[in-house]
Amino acid sequence: MSLLPRTAEEFSSAEYWEKFFKKRGEKAFEWYGDYNKLCGVLHKYIKMQDKVLVVGCGNSELSEQMYDVGYKHLTNIDISETVVNNMNQRNAERRPGLTFHQVDATKTPYEDASYQAALDKGTLDAMASEEEGALARNMLTEVGRVLSVGGRYVCVTLAQESVIKLAVEHFVQLGWAVRLHCLQEENRTEEDSFALPVFVLVCTKFRQPMPTPILEMCLGEDGAPVRHTHVSELLSAVREHQAYSVLRKRLRTNTDANSNLSLTLCHAKTGLPRYTLTIQDSPPGAKVPRANQFAVFIVPQGSETAWLYSSGEGRRQLAASANFRRLVIVSMHRNQEYTDMQAVQSELSPVVMDLAPPGMPANHQVPFLSVGGDLGWREEVSRGVSQLSGEYCVENVKGEDGELYRRLVFLSNAALVQSESRLVSSNTATSQKRKNKRKAKASAASAAPAASSTSMTVDSGFLCCAHHEVMVACLAMLGVGMPQNKDIPVSVLLVGLGGGGLPQFLRDFMPNVTIEVVELDPVVLEVAKQWFGFQPDDRLTVTLGDGLERICALEKEGLFILNLACRDPALRKSVLERVSGVFPTILSRKIEEEINEVLLCSRGEKETSDATHILPSLNQAAKNLQSALCSSGTEPSRRPHIDIAELLKDLRIV
């Protein structure tokens with residue numbers, strides 16, 4: 001439908017709502033619902049014996065339907081003489097006690113506190129756009145005057161943000177209690193059904209103004225109220241419900257393997273993100289068994305940043321492997337507690353059924369899938385704030401290989417792991433490896449590690465990042481490890497410290513190498529030293545400053561190794577052209593299943609256009625470097641876990 005917004009933010013856009021109201025047409029007010037849809041909320045807040053002022057009644061059938069079920073004290077007002085005459089004529093015989101009056105809702109002739117309820121179906125929405133909201137404020141003031149203490153203003157609205165903000169702020173200033181009900185369409189899957197939810201705003205008048213605002217949101221007519229502290233929080237909850245309804249509409253009416261639709265579910269009490277659900281459909285023409293309509297895959301805690309779960313291509317591969325028509329991929333968030341798989345399944349089951357593919361049978365059983373049957377394991381060990389990079393956390397996670405890892409994550413981009421190191425027992429790396437293997441075999445469903453993470457230390461010989469491994473291997477180009485170069489010193493400049501895994505590896509295992517690291521953020525340096533085993537000394541130093549300035553001060557000799565992370569082919573081409581202007585010879589090594597690409601750049605003349613001269617010479621250099629790395633470890637338990645020759649075999653000349 002052309003009226004549906006693409007994002008939740010569009011619900012705050014005046015342009016969107018202006019377009020919406022222009023296009024909605026004569027039948028628009030059917031979207032607000034009839035008595036059958038609204039009766040649950042109406043009976044909850046309006047008693048049969050109440051005197052009810054129906055504001056802006058129009059030609060809606062709602063008053064007639066309410067009258068027929070027993071509401072006999074309805075006063076219907078509208079500013080249109082034509083509407084009032086038509087409605088009186090329509091009801092003169094069948095409903096003689098139901099009267100309609102031509103009255104301006106901003107200036108009524110009724111006495112103060114003469115009504116117990118005021119009912120508004122769409123009138124506020126229509127009036128709020130007039131005179132910059134002044135007309136709507138006058139109407140709300142008049143409603144407040146004619147309502148008695150304990151009386152309620154019940155407003156059926158589509159909750160345009162400017163409209164609902166105007167009304168809520170108005171009644172909060174008066175000290176009234178404010179509650180919103182979000183009424184979702186039930187069992188409506190036809191393509192022409194309306195996607196936006198209808199809201200019912202209920203504002204209750206007190207004798208004495210409330211000292212602190214009462215702001216509540218309820219899902220459905222009987223949903224438990226969720227309390228909010230500020231008006232902005234309530235408006236945010238409205239936008240979330242609107243966005244969810246639109247998402248559900250799209251998922252119920254079509255499938256799209258490339259859409260990557262997702263939503264975040266928050267904790268009901270704290271409001272903090274708890275689950276992120278990403279919907280992955282199978283491509284058109286895929287041969288999916290009839291029984292495999294729909295499934296839910298639970299990503300283990302700590303694995304949500306893995307390529308398979310975080311990238312569109314990876315999720316499509318996961319869905320193809322699972323072979324379901326639609327797969328909902330669920331990631332769990334930090335600072336949330338999850339008991340076990342059964343508890344997660346119970347919590348998610350009512351929600352995920354709203355995301356089922358079109359045409360799925362109502363009684364279809366939805367399987368929950370996972371890796372190894374457990375939820376994974378995550379432990380936060382430190383949290384802090386950097387003035388340059390914002391809030392960060394250091395956490396330990398259990399990988400899908402059963403090993404423990406430590407990560408540095410900046411929460412401004414929580415989906416990206418800034419640094420990662422493997423943890424091993426403080427005693428020996430090898431004994432811990434054997435323990436982990438036995439543990440994995442003994443109980444695949446056990447999520448928590450057997451050994452306390454406080455007894456673990458970082459394994460400096462293991463590089464978690466594949467591009468770091470390639471960078472180390474590329475140093476074979478300098479002849480490091482060759483017998484004739486054993487006494488020739490090598491200087492390495494690294495821009496960016498992170499957890500310090502790469503420079504520490506070079507320091508611990510690379511012979512005759514001195515390393516200088518340039519890091520802009522002093523907090524990162526302290527985190528690396530405290531949590532990632534980073535130990536500067538005379539061969540490994542850190543300079544706090546701008547890495548580009550330091551590079552500019554260097555002599556333009558030696559190798560330049562760049563990790564290029566670029567999804568845009570045009571931008572990649574531009575970068576290669578600029579780099580080749582300084583370094584004529586460029587070798588490339590792409591990292592499988594990642595966007596990372598390591599460029600090995602040299603100022604030597606590009607004498608050949610193929611790999612016949614450069615690459616064969618690296619074979620022996622790789623063997624020499626491998627041998628030098630394995631003989632440089634100071635502790636028998638600490639060995640480099642790296643295969644230089646394997647890493648270099650896919651080098652290509654650009």
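- Between the side chain of Asn292 and the backbone N or O of Asn323 there is at least one donor-acceptor pair closer than 3.5 Å.
- Smallest separation of non-hydrogen atoms from Leu369 and Ala322: CD1-CB, 4.3 Å.
- A salt bridge between Glu161 and Lys165 is absent, with no side-chain N of the basic residue lying under 4.0 Å from a carboxylate O of the acidic one.
- With a 4.5 Å cut-off on side-chain heavy atoms, Val366 and Val328 do not count as touching.
- Listed by chain and number, the residues in a ring pair (Phe, Tyr, Trp, His ring centres under 6.0 Å) with Phe410 amount to none (sequence neighbours excluded).
- Atoms CG and OG1, from Leu277 and Thr264 in turn, are 8.5 Å apart once rounded to the nearest 0.5 Å.
- Looking only at distances, no side-chain donor or acceptor of Gln242 sits under 3.5 Å from a matching main-chain atom of Glu240.
- Residue Ala319 comes nearest to Gln280 through the heavy atom pair CB-CG, 3.5 Å, listed as atom of the first residue, atom of the second, then distance.
- Between His43 and Tyr35, the ring-plane angle classifies as perpendicular under the 30° and 60° cut-offs.
- Looking at heavy atoms from C-beta onward, Leu355 lies out of side-chain contact with Leu261 at the 4.5 angstrom threshold.
- With a 4.5 Å cut-off on side-chain heavy atoms, Thr276 and His333 count as touching.
- To the nearest 0.5 Å, atoms CG (Leu327) and CZ (Arg315) are separated by 11.0 Å.
- Within the 4.5 Å cutoff, the side chain of Phe368 has no heavy atoms near those of the Val344 side chain.
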Derivation of the salt bridge (charged side-chain N to carboxylate O under 4.0 Å, His left out) call for Arg334 and Glu380 | CA-CA 8 Å; Arg334 295 177 177 84; Glu380 184 176 301; over 6 Å; no
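- Side-chain contact check for Val156 versus Val41: every heavy-atom pair is 4.5 Å or farther apart.
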With side chain to side chain contact (heavy atoms under 4.5 Å, CB included) as the test, would you mind laying out the steps for Tyr405 and Val417 before giving the verdict?
-> CA-CA 11 Å; Tyr405 295 89; Val417 175; over 6 Å; no
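- Contact between Pro197 and Cys182 at its shortest, heavy atoms only, is CB-SG, 3.8 Å.
- Using a 4.5 Å heavy-atom threshold, the side chains of Leu564 and Arg572 count as touching.
- Sorted by first then second residue, the ring-ring contact (aromatic ring centres under 6.0 Å, His included) pairs that include residues 307-328, not counting sequence neighbours, are Phe297-Tyr309.
- Residues Tyr153 and Leu140 have side chains in contact (heavy-atom distance under 4.5 Å, counting atoms from C-beta outward).
- Salt-bridge formation is detected for the pair Glu420/Arg407: a Lys NZ or Arg NE/NH1/NH2 atom is positioned less than 4.0 Å from an Asp or Glu carboxylate oxygen.
- The side chain to side chain donor-acceptor pair (under 3.5 Å) test applied to Thr157 returns Asp125, not counting sequence neighbours.
- Taking CG from Leu42 and NZ from Lys37, the interatomic distance works out to 12.0 Å, rounded to the nearest 0.5 Å.
- How far CD1 of Ile595 is from CG of Asn563: 8.5 Å, rounded to the nearest 0.5 Å.
- Atom OH of Tyr338 sits about 10.0 Å away from atom CD1 of Ile298, to the nearest 0.5 Å.
- Between the side chain of Ser310 and the backbone N or O of Thr305, at least one donor-acceptor pair lies under 3.5 Å.
- In terms of the side-chain contact (heavy atoms from CB on, under 4.5 Å) criterion, residue partners of Asp281 (sequence neighbours excluded) are, by chain and number, Thr255, Ile279, Arg326.
- Counting only distance, with no hydrogens or angles, the side chain of Ser236 and the backbone of Ser232 share no donor-acceptor pair below 3.5 Å.
- Residues forming a side-chain contact (heavy atoms from CB on, under 4.5 Å) with Ser382 (at least two apart in sequence, or on another chain): Val394, Trp531.
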Start with the C-alpha gap between Leu423 and Val458, add the side-chain angles, then the distance that decides, and say whether side chain to side chain contact (heavy atoms under 4.5 Å, CB included) holds.
-> CA-CA 5 Å; Leu423 298 177; Val458 168; 3.9 Å; yes
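- For Leu263 against Tyr244, the heavy-atom pair with the smallest separation is CD1-CD1, 3.3 Å.
- Counting only distance, with no hydrogens or angles, the side chain of Ser311 and the backbone of Gly314 share a donor-acceptor pair below 3.5 Å.
- Between the side chains of Ser162 and Gln160, at least one donor N or O sits under 3.5 Å from an acceptor N or O.
- Applying the salt bridge (charged side-chain N to carboxylate O under 4.0 Å, His left out) test to pairs two or more places apart or on separate chains, those with a residue in residues 337-363 are Arg248-Asp354, Arg274-Glu347.
- Val381 places a side-chain heavy atom less than 4.5 Å from the side chain of Glu379.
- Here the closest non-hydrogen pair linking Lys121 and Ser60 is NZ-OG, 3.3 Å.
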Kindly indicate, with the supporting measurements, whether the criterion side chain to side chain contact (heavy atoms under 4.5 Å, CB included) is fulfilled by Ile214 and Arg227.
-> CA-CA 7 Å; Ile214 297 179; Arg227 183 70 60 92; 4.0 Å; yes
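- Taking every heavy atom of both residues into account, Ile164 and Ala159 meet most closely at CB-CA, 4.4 Å.
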Take Arg422 and His641 through the side chain to side chain contact (heavy atoms under 4.5 Å, CB included) test and state the conclusion after the steps.
-> CA-CA 11 Å; Arg422 190 172 71 175; His641 306 274; 3.4 Å; yes
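- Without hydrogens or angle criteria, Ser245 side chain to His241 main chain gives a donor-acceptor distance under 3.5 Å.
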Apply ring pair (Phe, Tyr, Trp, His ring centres under 6.0 Å) to the pair His181 and Tyr45, showing each step before the final yes or no.
-> CA-CA 12 Å; His181 286 263; Tyr45 296 106; 5.5 Å; yes
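- With rounding to the nearest 0.5 angstrom, the CG atom of Leu234 is 12.0 Å from the CZ atom of Arg179.
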